[in-house]
Amino acid sequence: MTKQWLVPVLAVTLAFLPADARAQKVLISGNSFDSSDTALTGPLGTLGYDLTFTSSFNFGTANLSGFSAVWLDGFSQFSPGTPGNPGLSAASLTSFMNGGGVVLVQNPGFGSEPLASYPFGSELSATFNYPPGENTIRITNPASPVNAFLTGAGLSSWTPASAYGVFASGIGSFSGITDNGTAGNWITVTRQVGAGSLIYTQQGISQSLVNQADDTAALQFLRNAVGLAAIPEPNPTM
């Protein structure tokens with residue numbers, strides 16, 4: 001049965017870390033991220049991240065100060081901004097990455113904003129094909145740190161789908177690191193932005209974690225992506 005995603009009403013901060021640990025501080029926003037769903041927060045709690053969930057409605061005015069990574073889905077409601085309320089636009093995210101932050105977006109362009117609204121998104125085009133989606137994933141760049149400790153088999157056969165579409169062959173300044181087994185049908189693409197990193201993927205990380213409690217590959221993918229952050233990790237004891 002397909003899960004109906006809920007939009008969190010309030011921003012919720014969940015700190016999943018031992019008192020003496022250091023953790024990446026991650027801002028999470030999108031309709032597939034329900035901070036009250038233990039099927040999602042339970043697996044995420046094993047990573048030791050300091051996680052802040054904010055509703056899609058409030059994402060446009062979020063403050064990125066202190067965060068090392070931003071994890072979004074395609075329903076995160078970018079705001080072009082108005083006088084006195086600049087919003088969290090593509091320019092804001094680009095500035096965040098220039099400073100060493102990581103931006104990870106799953107299924108960009110399939111939700112409330114066109115792909116061109118995202119940083120460098122105008123260089124890409126995507127095709128949504130769920131159902132059934134893509135269920136065979138091939139690693140094309142095993143040297144990418146995003147693919148560390150992962151295999152094509154581990155990235156494949158997720159529930160309800162490994163990926164919800166593909167990026168077309170023309171990916172501009174991005175590098176393709178996985179595809180669906182056919183050259184040019186990219187699943188995950190990456191790009192360095194200043195000292196930081198931009199990762200766009202059609203893999204449904206959060207959806208798979210909710211539907212497959214033992215999806216270690218989805219957790220590893222997330223760990224690899226967030227681990228690229230060049231922003232000094234915050235000290236939770238301070």
Side-chain angles (χ1 to χ4, degrees), residues 1-77 88 96 101-108 110-112 146 149-150 154-155 157-164 188 199 201-229 231 233-237:
M1 181 177 179
T2 302
K3 184 176 178 65
Q4 297 298 315
W5 304 113
L6 304 176
V7 180
V9 176
L10 299 175
V12 179
T13 300
L14 301 178
F16 295 119
L17 63 156
D20 59 349
R22 291 167 64 84
Q24 299 284 11
K25 190 174 182 183
V26 185
L27 178 65
I28 303 174
S29 184
N31 283 12
S32 69
F33 306 121
D34 181 0
S35 61
S36 67
D37 189 346
T38 56
L40 175 64
T41 60
L44 293 180
T46 67
L47 295 175
Y49 294 160
D50 183 348
L51 307 178
T52 297
F53 289 79
T54 188
S55 72
S56 298
F57 180 78
N58 292 325
F59 177 70
T61 55
N63 184 350
L64 298 183
S65 177
F67 289 97
S68 55
V70 175
W71 178 21
L72 308 174
D73 71 10
F75 293 87
S76 299
Q77 296 187 6
L88 191 53
F96 173 71
V102 167
V103 172
L104 167 65
V105 187
Q106 59 182 60
N107 312 129
F110 295 165
S112 47
V146 180
F149 309 109
L150 293 171
L155 293 171
S157 302
W158 289 7
T159 301
S162 292
Y164 291 77
T188 299
I199 304 159
T201 186
Q202 299 304 350
Q203 299 220 226
I205 304 167
S206 56
Q207 295 95 326
S208 186
L209 289 174
V210 168
N211 286 278
Q212 294 178 257
D214 59 346
D215 191 351
T216 56
L219 282 174
Q220 185 65 54
F221 187 108
L222 182 60
R223 180 184 289 111
N224 291 347
V226 172
L228 294 176
I231 294 176
E233 297 177 357
N235 188 337
T237 64

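No side-chain heavy atom of Val26 sits under 4.5 Å from any side-chain heavy atom of Leu104. Using a 4.5 Å cut-off on side-chain heavy atoms (C-beta onward), Phe33 and Leu51 make no contact. A 4.5 Å side-chain heavy-atom check between Gln207 and Tyr164 finds at least one atom pair inside the cut-off. Contact annotation: the side chain of Trp71 never approaches that of Val226 to less than 4.5 Å [non-hydrogen atoms, C-beta and beyond]. No side-chain heavy atom of Asp215 sits under 4.5 Å from any side-chain heavy atom of Thr159.
Contact between Pro108 and Gln202 at its shortest, heavy atoms only, is O-NE2, 4.0 Å. Across all their heavy atoms, Ala229 and Ser68 have their closest contact at CB-O, 3.3 Å. The two residues Leu27 and Ala62 make their nearest non-hydrogen contact at CD2-CB, 3.9 Å. Heavy-atom minimum distance, Ser157 versus Ser162: N-OG, 2.8 Å. Leu219 and Pro43 make their closest contact through CD2-O, 3.6 Å (heavy atoms, listed as atom of the first residue, atom of the second, distance). Across Gly204 and Asn107, no two heavy atoms sit closer than the pair CA-OD1, 4.3 Å.
Rounding to the nearest 0.5 angstrom, the gap separating the CG atom in Asp34 from the OG atom in Ser55 is 12.0 Å. Note that OG1 of Thr38 and CG of Leu44 are 11.0 Å apart. Values are rounded to the nearest 0.5 Å. Atom OG of Ser32 is separated from atom CG of Leu209 by 10.0 Å, given to the nearest 0.5 angstrom. Once rounded to the nearest 0.5 Å, the distance linking CD of Gln220 with CD1 of Ile205 reads 11.5 Å. Here the CZ-OG1 distance, from Phe53 to Thr41, works out to 6.5 Å after rounding to the nearest 0.5 Å.
Judged as a ring-ring contact (aromatic ring centres under 6.0 Å, His included), and not counting sequence neighbours, Trp158 has no contacts. With sequence neighbours left out, the side-chain contact (heavy atoms from CB on, under 4.5 Å) criterion links Thr216 to no other residue. Residues meeting the ring-ring contact (aromatic ring centres under 6.0 Å, His included) test with Phe110, sequence neighbours left out: Phe128.
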- side chain to side chain contact (heavy atoms under 4.5 Å, CB included) between Ile199 and Leu228, intermediate numbers included: CA-CA 10 Å; Ile199 304 159; Leu228 294 176; 3.9 Å; yes
- Message: Assess the residue pair Tyr49 and Ile28 against the criterion (side chain to side chain contact (heavy atoms under 4.5 Å, CB included)); give the C-alpha distance rounded to whole Å, side-chain angles, the decisive distance to 0.1 Å, and a yes or no.
- Response: CA-CA 11 Å; Tyr49 294 160; Ile28 303 174; over 6 Å; no
- Task: Could you please spell out the steps behind the side chain to side chain contact (heavy atoms under 4.5 Å, CB included) verdict for Val103 and Phe96?
- Result: CA-CA 8 Å; Val103 172; Phe96 173 71; 3.9 Å; yes
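Side chain of Ser29 to main chain of Thr54: a donor-acceptor pair is present (N/O by atom type, distance under 3.5 Å, no hydrogens or angles).
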